[in-house]
2 protein chains.
Amino acid sequence: MTTINKIERILKKVEHDCLQSGLRLTKKRRNVLQILLQEQEPLSAYDIVERYKITMAESLSAMSVYRMLDFLLAAGLVHKLETTNQYLACSHIICEHQHQIPQFLICDQCHKVEEVGLCKQLLDELKASIENTGFSLLSQQLELHGLCAHCKKQE
Amino acid sequence: MTTINKIERILKKVEHDCLQSGLRLTKKRRNVLQILLQEQEPLSAYDIVERYKITMAESLSAMSVYRMLDFLLAAGLVHKLETTNQYLACSHIICEHQHQIPQFLICDQCHKVEEVGLCKQLLDELKASIENTGFSLLSQQLELHGLCAHCKKQE
DNA sequence: GCTATAATGTTATGATGTAACATATCATAA
DNA sequence: TTATGATATGTTACATCATAACATTATAGC
(Lines give C-alpha, C1' and ligand atoms only; values in the text may rest on other atoms or scores of the structure.)
Protein backbone atom coordinates (compact mmCIF):
# COMPACT_ATOMS: atom_id res chain seq x y z
CA MET A 1 0.00 0.00 0.00
CA THR A 2 1.35 3.43 -0.85
CA THR A 3 2.12 5.91 1.88
CA ILE A 4 -0.59 8.23 0.63
CA ASN A 5 -3.19 5.50 0.73
CA LYS A 6 -2.04 4.52 4.17
CA ILE A 7 -2.43 8.06 5.40
CA GLU A 8 -5.82 8.30 3.77
CA ARG A 9 -6.87 5.16 5.57
CA ILE A 10 -5.66 6.54 8.89
CA LEU A 11 -7.51 9.78 8.32
CA LYS A 12 -10.70 7.94 7.45
CA LYS A 13 -10.44 5.96 10.65
CA VAL A 14 -9.79 9.07 12.70
CA GLU A 15 -12.78 10.80 11.12
CA HIS A 16 -14.91 7.83 12.00
CA ASP A 17 -13.63 7.64 15.58
CA CYS A 18 -14.14 11.34 16.14
CA LEU A 19 -17.68 11.12 14.86
CA GLN A 20 -18.31 8.26 17.27
CA SER A 21 -16.98 10.15 20.24
CA GLY A 22 -18.46 13.53 19.37
CA LEU A 23 -15.15 15.24 18.60
CA ARG A 24 -15.30 17.75 15.78
CA LEU A 25 -12.50 16.93 13.40
CA THR A 26 -12.92 19.94 11.15
CA LYS A 27 -11.39 20.21 7.70
CA LYS A 28 -8.50 22.30 8.97
CA ARG A 29 -7.81 20.12 11.98
CA ARG A 30 -7.81 17.17 9.62
CA ASN A 31 -5.40 18.97 7.30
CA VAL A 32 -2.99 19.70 10.15
CA LEU A 33 -3.08 16.05 11.17
CA GLN A 34 -2.51 15.05 7.56
CA ILE A 35 0.56 17.25 7.36
CA LEU A 36 1.98 15.68 10.51
CA LEU A 37 1.25 12.20 9.17
CA GLN A 38 3.05 12.97 5.92
CA GLU A 39 6.22 14.18 7.61
CA GLN A 40 8.99 11.86 8.66
CA GLU A 41 10.16 14.41 11.23
CA PRO A 42 8.45 16.34 13.98
CA LEU A 43 7.42 19.87 13.06
CA SER A 44 7.26 23.10 14.98
CA ALA A 45 3.99 25.02 14.94
CA TYR A 46 5.50 27.52 12.54
CA ASP A 47 6.77 24.70 10.30
CA ILE A 48 3.15 23.60 10.08
CA VAL A 49 2.09 27.12 9.11
CA GLU A 50 4.52 26.91 6.18
CA ARG A 51 3.64 23.38 5.15
CA TYR A 52 -0.04 24.25 5.33
CA LYS A 53 0.41 27.18 3.02
CA ILE A 54 2.32 25.08 0.51
CA THR A 55 0.34 21.88 0.55
CA MET A 56 -3.13 23.29 1.17
CA ALA A 57 -2.78 26.45 -0.89
CA GLU A 58 -4.32 28.43 1.93
CA SER A 59 -2.80 30.26 4.81
CA LEU A 60 -3.39 29.65 8.46
CA SER A 61 -2.16 31.84 11.30
CA ALA A 62 0.18 30.47 13.95
CA MET A 63 -2.54 31.14 16.50
CA SER A 64 -4.91 28.86 14.62
CA VAL A 65 -2.30 26.17 14.25
CA TYR A 66 -1.68 26.18 17.99
CA ARG A 67 -5.40 25.81 18.59
CA MET A 68 -5.66 22.93 16.16
CA LEU A 69 -2.67 21.29 17.80
CA ASP A 70 -4.37 21.70 21.19
CA PHE A 71 -7.37 19.84 19.85
CA LEU A 72 -5.28 17.08 18.32
CA LEU A 73 -3.19 16.74 21.49
CA ALA A 74 -6.30 16.49 23.66
CA ALA A 75 -7.68 13.86 21.30
CA GLY A 76 -4.47 11.84 21.67
CA LEU A 77 -3.81 12.02 17.94
CA VAL A 78 -0.63 14.07 18.25
CA HIS A 79 2.23 14.30 20.71
CA LYS A 80 4.32 17.27 21.70
CA LEU A 81 8.05 16.92 22.24
CA GLU A 82 8.67 19.19 25.20
CA THR A 83 12.43 19.15 24.74
CA THR A 84 12.29 20.53 21.21
CA ASN A 85 8.92 22.28 21.04
CA GLN A 86 7.79 20.15 18.15
CA TYR A 87 4.75 18.12 17.29
CA LEU A 88 4.27 14.76 15.63
CA ALA A 89 1.42 12.42 14.83
CA CYS A 90 0.96 9.59 17.26
CA SER A 91 2.37 6.51 15.60
CA HIS A 92 -0.39 4.37 17.08
CA ILE A 93 -3.43 6.21 15.77
CA ILE A 94 -4.49 3.25 13.77
CA CYS A 95 -3.94 0.61 16.43
CA GLU A 96 -6.80 -1.00 18.19
CA HIS A 97 -4.90 -1.66 21.39
CA GLN A 98 -4.76 0.68 24.33
CA HIS A 99 -2.29 3.49 23.79
CA GLN A 100 0.63 3.37 26.14
CA ILE A 101 2.48 6.33 27.49
CA PRO A 102 4.90 7.17 24.71
CA GLN A 103 8.64 7.30 24.87
CA PHE A 104 10.57 9.07 22.16
CA LEU A 105 14.03 8.39 20.82
CA ILE A 106 15.14 11.64 19.25
CA CYS A 107 18.11 11.63 16.88
CA ASP A 108 20.07 14.84 17.47
CA GLN A 109 21.75 14.42 14.08
CA CYS A 110 19.01 13.77 11.53
CA HIS A 111 16.18 14.83 13.86
CA LYS A 112 14.07 11.80 13.15
CA VAL A 113 12.06 10.54 16.07
CA GLU A 114 11.01 7.05 16.90
CA GLU A 115 8.06 6.53 19.18
CA VAL A 116 8.69 3.42 21.20
CA GLY A 117 6.84 1.58 23.88
CA LEU A 118 9.42 0.51 26.39
CA CYS A 119 9.03 -2.75 28.21
CA LYS A 120 6.17 -2.31 30.64
CA GLN A 121 7.98 -4.02 33.47
CA LEU A 122 10.91 -1.65 33.17
CA LEU A 123 8.62 1.36 33.20
CA ASP A 124 6.76 0.04 36.20
CA GLU A 125 10.02 -0.39 38.05
CA LEU A 126 11.05 3.11 37.12
CA LYS A 127 7.70 4.43 38.24
CA ALA A 128 7.86 2.50 41.52
CA SER A 129 11.36 3.71 42.17
CA ILE A 130 10.25 7.30 41.71
CA GLU A 131 7.05 7.00 43.66
CA ASN A 132 9.00 5.53 46.56
CA THR A 133 10.43 9.00 47.04
CA GLY A 134 6.90 10.33 47.62
CA PHE A 135 6.65 11.94 44.20
CA SER A 136 3.58 11.21 42.06
CA LEU A 137 4.11 10.98 38.34
CA LEU A 138 1.55 12.70 36.14
CA SER A 139 3.12 11.59 32.91
CA GLN A 140 5.56 8.94 31.93
CA GLN A 141 6.42 10.49 28.62
CA LEU A 142 10.16 10.20 28.17
CA GLU A 143 12.24 12.05 25.60
CA LEU A 144 15.63 10.50 25.07
CA HIS A 145 18.25 12.15 22.93
CA GLY A 146 21.02 10.45 21.01
CA LEU A 147 21.86 9.05 17.61
CA CYS A 148 19.68 6.75 15.55
CA ALA A 149 21.23 3.56 14.20
CA HIS A 150 21.73 5.12 10.78
CA CYS A 151 23.53 8.24 12.00
CA LYS A 152 25.55 6.21 14.48
CA LYS A 153 26.87 4.05 11.64
CA GLN A 154 27.98 7.09 9.67
CA GLU A 155 30.14 8.40 12.49
CA MET B 1 25.28 26.18 59.35
CA THR B 2 23.20 28.94 57.77
CA THR B 3 22.13 28.69 54.17
CA ILE B 4 24.21 31.71 53.29
CA ASN B 5 27.32 30.23 54.81
CA LYS B 6 26.64 26.98 53.05
CA ILE B 7 26.39 28.75 49.72
CA GLU B 8 29.55 30.69 50.46
CA ARG B 9 31.33 27.45 51.17
CA ILE B 10 30.12 25.95 47.91
CA LEU B 11 31.22 29.01 45.97
CA LYS B 12 34.66 28.91 47.56
CA LYS B 13 35.03 25.29 46.59
CA VAL B 14 33.89 26.00 43.04
CA GLU B 15 36.34 28.89 42.78
CA HIS B 16 39.11 26.60 43.94
CA ASP B 17 38.13 23.81 41.56
CA CYS B 18 37.91 26.15 38.59
CA LEU B 19 41.33 27.55 39.38
CA GLN B 20 42.70 24.02 39.48
CA SER B 21 41.22 23.10 36.14
CA GLY B 22 41.90 26.36 34.39
CA LEU B 23 38.28 27.45 34.08
CA ARG B 24 37.71 31.14 34.45
CA LEU B 25 34.98 31.65 36.99
CA THR B 26 34.61 35.38 36.57
CA LYS B 27 32.84 37.60 39.05
CA LYS B 28 29.67 37.66 36.97
CA ARG B 29 29.64 33.93 36.30
CA ARG B 30 30.08 33.44 40.02
CA ASN B 31 27.19 35.81 40.71
CA VAL B 32 24.89 33.93 38.34
CA LEU B 33 25.81 30.67 40.03
CA GLN B 34 25.20 32.27 43.42
CA ILE B 35 21.73 33.36 42.35
CA LEU B 36 20.89 29.85 41.22
CA LEU B 37 22.22 28.41 44.48
CA GLN B 38 20.09 30.80 46.50
CA GLU B 39 16.87 29.87 44.73
CA GLN B 40 14.75 26.95 45.76
CA GLU B 41 13.25 26.81 42.27
CA PRO B 42 14.69 26.69 38.79
CA LEU B 43 14.89 30.02 37.00
CA SER B 44 14.51 31.07 33.40
CA ALA B 45 17.32 33.11 31.87
CA TYR B 46 15.15 36.20 32.10
CA ASP B 47 14.37 35.45 35.74
CA ILE B 48 18.11 35.54 36.31
CA VAL B 49 18.36 38.90 34.55
CA GLU B 50 15.83 40.25 37.06
CA ARG B 51 17.35 38.61 40.12
CA TYR B 52 20.78 39.84 39.07
CA LYS B 53 19.56 43.39 38.82
CA ILE B 54 17.95 43.22 42.26
CA THR B 55 20.56 41.32 44.20
CA MET B 56 23.70 42.58 42.49
CA ALA B 57 22.56 46.15 41.89
CA GLU B 58 23.86 45.94 38.35
CA SER B 59 22.20 45.01 35.13
CA LEU B 60 23.14 42.22 32.81
CA SER B 61 21.69 41.62 29.36
CA ALA B 62 19.86 38.41 28.56
CA MET B 63 22.55 37.67 25.99
CA SER B 64 25.21 37.81 28.70
CA VAL B 65 23.18 35.63 31.03
CA TYR B 66 22.83 32.99 28.32
CA ARG B 67 26.58 33.06 27.81
CA MET B 68 27.26 32.70 31.50
CA LEU B 69 24.81 29.84 31.67
CA ASP B 70 26.63 28.18 28.77
CA PHE B 71 29.83 28.36 30.76
CA LEU B 72 28.24 27.01 33.93
CA LEU B 73 26.50 24.23 31.99
CA ALA B 74 29.74 23.19 30.31
CA ALA B 75 31.46 23.17 33.69
CA GLY B 76 28.76 20.87 35.06
CA LEU B 77 27.81 23.38 37.72
CA VAL B 78 24.32 24.00 36.39
CA HIS B 79 21.66 21.95 34.66
CA LYS B 80 19.09 22.98 32.12
CA LEU B 81 15.57 21.62 32.26
CA GLU B 82 14.73 21.17 28.60
CA THR B 83 11.04 20.67 29.26
CA THR B 84 10.63 24.03 30.99
CA ASN B 85 13.52 26.10 29.64
CA GLN B 86 14.85 26.72 33.11
CA TYR B 87 18.18 26.45 34.84
CA LEU B 88 19.19 25.28 38.28
CA ALA B 89 22.41 24.72 40.20
CA CYS B 90 23.62 21.15 40.26
CA SER B 91 22.74 19.79 43.67
CA HIS B 92 25.99 17.83 43.79
CA ILE B 93 28.47 20.62 43.28
CA ILE B 94 29.97 20.09 46.65
CA CYS B 95 30.15 16.31 46.50
CA GLU B 96 33.40 14.53 46.06
CA HIS B 97 31.93 11.52 44.30
CA GLN B 98 31.52 11.22 40.58
CA HIS B 99 28.51 13.08 39.29
CA GLN B 100 25.88 10.82 37.83
CA ILE B 101 23.58 11.68 35.01
CA PRO B 102 20.84 13.64 36.68
CA GLN B 103 17.16 12.87 36.76
CA PHE B 104 14.72 15.56 37.74
CA LEU B 105 11.37 15.25 39.45
CA ILE B 106 9.50 18.41 38.57
CA CYS B 107 6.43 19.37 40.57
CA ASP B 108 3.91 20.89 38.15
CA GLN B 109 2.07 22.49 41.08
CA CYS B 110 4.71 24.27 43.20
CA HIS B 111 7.43 24.09 40.53
CA LYS B 112 10.06 22.80 42.90
CA VAL B 113 12.49 20.38 41.40
CA GLU B 114 14.29 17.53 43.02
CA GLU B 115 17.46 16.24 41.43
CA VAL B 116 17.62 12.53 42.07
CA GLY B 117 20.02 9.80 41.17
CA LEU B 118 17.92 6.83 40.22
CA CYS B 119 19.13 3.37 40.99
CA LYS B 120 22.03 2.65 38.65
CA GLN B 121 20.81 -0.81 37.82
CA LEU B 122 17.44 0.49 36.71
CA LEU B 123 19.06 3.09 34.50
CA ASP B 124 21.38 0.54 33.00
CA GLU B 125 18.42 -1.66 32.17
CA LEU B 126 16.64 1.28 30.61
CA LYS B 127 19.71 2.15 28.64
CA ALA B 128 20.22 -1.44 27.49
CA SER B 129 16.60 -1.71 26.49
CA ILE B 130 16.92 1.41 24.36
CA GLU B 131 20.25 0.56 22.85
CA ASN B 132 18.88 -2.82 21.83
CA THR B 133 16.83 -0.94 19.29
CA GLY B 134 20.05 0.35 17.69
CA PHE B 135 19.68 3.83 19.14
CA SER B 136 22.67 5.35 20.98
CA LEU B 137 21.90 7.55 23.93
CA LEU B 138 23.87 10.77 24.23
CA SER B 139 22.30 11.79 27.50
CA GLN B 140 20.40 10.00 30.17
CA GLN B 141 18.95 13.12 31.67
CA LEU B 142 15.33 12.43 32.50
CA GLU B 143 12.74 15.05 33.34
CA LEU B 144 9.72 13.61 35.05
CA HIS B 145 6.65 15.69 35.75
CA GLY B 146 4.15 15.19 38.53
CA LEU B 147 3.35 16.27 42.05
CA CYS B 148 5.78 16.44 44.93
CA ALA B 149 4.82 14.73 48.19
CA HIS B 150 3.74 18.02 49.71
CA CYS B 151 1.44 19.09 46.87
CA LYS B 152 0.06 15.57 46.54
CA LYS B 153 -0.99 15.62 50.20
CA GLN B 154 -2.84 18.89 49.71
CA GLU B 155 -5.01 17.53 46.92
C1' DG C 1 -34.67 30.08 11.06
C1' DC C 2 -33.03 31.31 15.98
C1' DT C 3 -29.81 30.97 19.35
C1' DA C 4 -26.05 29.22 22.02
C1' DT C 5 -21.73 27.24 21.55
C1' DA C 6 -17.66 26.07 19.24
C1' DA C 7 -14.26 27.22 15.77
C1' DT C 8 -11.53 30.32 13.37
C1' DG C 9 -9.66 35.06 12.11
C1' DT C 10 -6.90 38.98 13.41
C1' DT C 11 -3.81 41.75 15.86
C1' DA C 12 -0.75 42.48 19.27
C1' DT C 13 2.45 41.05 22.52
C1' DG C 14 5.04 38.10 25.79
C1' DA C 15 8.76 34.67 26.37
C1' DT C 16 12.82 32.22 24.95
C1' DG C 17 17.01 32.22 22.45
C1' DT C 18 20.82 33.51 19.04
C1' DA C 19 23.61 36.14 15.32
C1' DA C 20 26.81 39.56 14.51
C1' DC C 21 29.89 42.76 15.58
C1' DA C 22 32.11 46.11 19.04
C1' DT C 23 34.69 46.67 23.16
C1' DA C 24 37.06 45.29 27.32
C1' DT C 25 39.85 42.24 29.96
C1' DC C 26 43.31 38.81 30.71
C1' DA C 27 47.46 35.70 29.91
C1' DT C 28 51.75 35.45 28.19
C1' DA C 29 55.59 35.92 25.19
C1' DA C 30 58.84 39.19 23.01
C1' DT D 1 56.59 46.10 30.11
C1' DT D 2 54.03 46.44 26.63
C1' DA D 3 52.35 44.19 22.38
C1' DT D 4 49.39 40.55 20.99
C1' DG D 5 46.06 37.05 20.70
C1' DA D 6 42.44 34.83 23.07
C1' DT D 7 38.61 35.05 26.03
C1' DA D 8 34.77 37.58 28.08
C1' DT D 9 31.30 40.93 27.97
C1' DG D 10 28.40 44.79 25.84
C1' DT D 11 24.99 46.06 22.48
C1' DT D 12 21.65 45.78 19.01
C1' DA D 13 18.80 43.43 16.29
C1' DC D 14 16.19 39.68 15.22
C1' DA D 15 14.55 34.69 15.02
C1' DT D 16 11.56 31.50 17.21
C1' DC D 17 7.88 29.75 20.27
C1' DA D 18 3.51 30.78 22.41
C1' DT D 19 -0.69 33.13 24.19
C1' DA D 20 -4.15 37.09 25.29
C1' DA D 21 -8.01 39.49 23.78
C1' DC D 22 -11.56 40.38 21.00
C1' DA D 23 -14.09 39.95 16.32
C1' DT D 24 -16.26 37.04 13.07
C1' DT D 25 -17.95 32.74 11.16
C1' DA D 26 -19.81 28.09 11.29
C1' DT D 27 -22.44 24.48 13.46
C1' DA D 28 -25.74 21.87 16.34
C1' DG D 29 -30.03 21.53 18.43
C1' DC D 30 -34.25 23.59 19.48
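Throughout, protein chains are lettered first and strands after them, A, B, ... in sequence-line order, and every chain is numbered starting at 1.
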Report task. Write down the atom of Leu118(B), the atom of Gln103(B), and the distance for their closest heavy-atom approach. Result -> N-OE1, 2.9 Å
Requested in this report: Using a cut-off of strictly less than 4.0 Å, decide whether Tyr87(A) has a side-chain nitrogen or oxygen near OP1 or OP2 of dA18(D).
Outcome: yes
**Report entry** Aromatic contact, His79(B) with Phe104(B) (centres under 6.0 Å)
**Finding:** yes
Requested in this report: Provide, to the nearest angstrom, the distance between the CZ atom belonging to Arg30(A) and the P atom belonging to dT8(C).
Outcome: 14 Å
Report task. Using a heavy-atom cut-off of under 4.0 Å over every strand shown, decide if Met63(B) touches base, sugar-phosphate, or nothing. Result -> base
Query raised in the report: Now, which nucleotide makes the Watson-Crick or G-U wobble pair with dA30(C), with each of the two distances under 3.5 Å?
Result: dT1(D)
Query raised in the report: Expressed in angstrom and rounded to an integer, what is the separation of Leu19(A) atom CG from dT27(D) atom C1'?
Result: 14 Å
Report task. Would you please confirm or rule out a distance under 4.0 Å between OP1 or OP2 of dG10(D) and any side-chain N or O of Ser64(B)? Result -> yes
Query raised in the report: Are any of Thr26(A)'s side-chain N or O atoms less than 4.0 Å away from OP1 or OP2 of dT8(C)?
Result: yes
Report task. Would you indicate, yes or no, if dT9(D) has its OP1 or OP2 atom less than 4.0 angstrom from a side-chain nitrogen or oxygen of Arg29(B)? Result -> yes
Query raised in the report: For the pair made of CG in Asp47(B) and P in dG17(C), what is the distance, rounded to whole Å?
Result: 11 Å
Requested in this report: Could you tell me the separation between the NZ atom of Lys28(B) and the C1' atom of dA24(C), rounded to a whole number of Å?
Outcome: 10 Å
Requested in this report: Would you state whether a donor and an acceptor, one from the side chain of Arg67(B) and one from the base of dG10(D), lie under 3.5 Å apart?
Outcome: yes
Query raised in the report: Do Asp47(A) and Arg51(A) meet the salt-bridge criterion of a basic N to acidic O distance under 4.0 Å?
Result: no
Query - Contact under 4.0 Å: Asn85(B) side-chain N or O vs dA15(C) OP1/OP2 - result: no
Query - d(CZ, Arg24(B); C1', dT25(C)) in whole Å - result: 8 Å
Query raised in the report: Any side-chain N or O of Lys80(A) under 4.0 Å from OP1/OP2 of dA18(D)?
Result: yes
**Report entry** Donor on one side chain, acceptor on other, Gln86(A) and Thr84(A), under 3.5 Å
**Finding:** yes
Requested in this report: Describe the nucleic acid contact of Lys27(B) in one word from base, sugar-phosphate, nothing, applying a heavy-atom distance below 4.0 Å.
Outcome: nothing
Report summary line: Of the candidates dT27(D), dA18(D), dT16(C), the side chain of Tyr46(A) sits closest to dA18(D)
Report task. Could you check how far OH of Tyr66(A) sits from P of dG14(C), rounded to whole Å? Result -> 17 Å
Report task. Answer yes or no: is there an ion pair linking Glu8(A) with Arg30(A), defined by an N-O contact shorter than 4.0 Å? Result -> yes
Report task. Between Ser44(B) and Phe71(A), just flag the one whose closest nucleotide in DNA chain C comes earlier from the 5' side. Result -> Phe71(A)
Query raised in the report: How long is the line joining CG of Leu25(A) and P of dA26(D), in whole Å?
Result: 18 Å
Report summary line: When rounded to whole Å, the CE to C1' distance for the pair Met68(B) and dT25(C) reads 13 Å
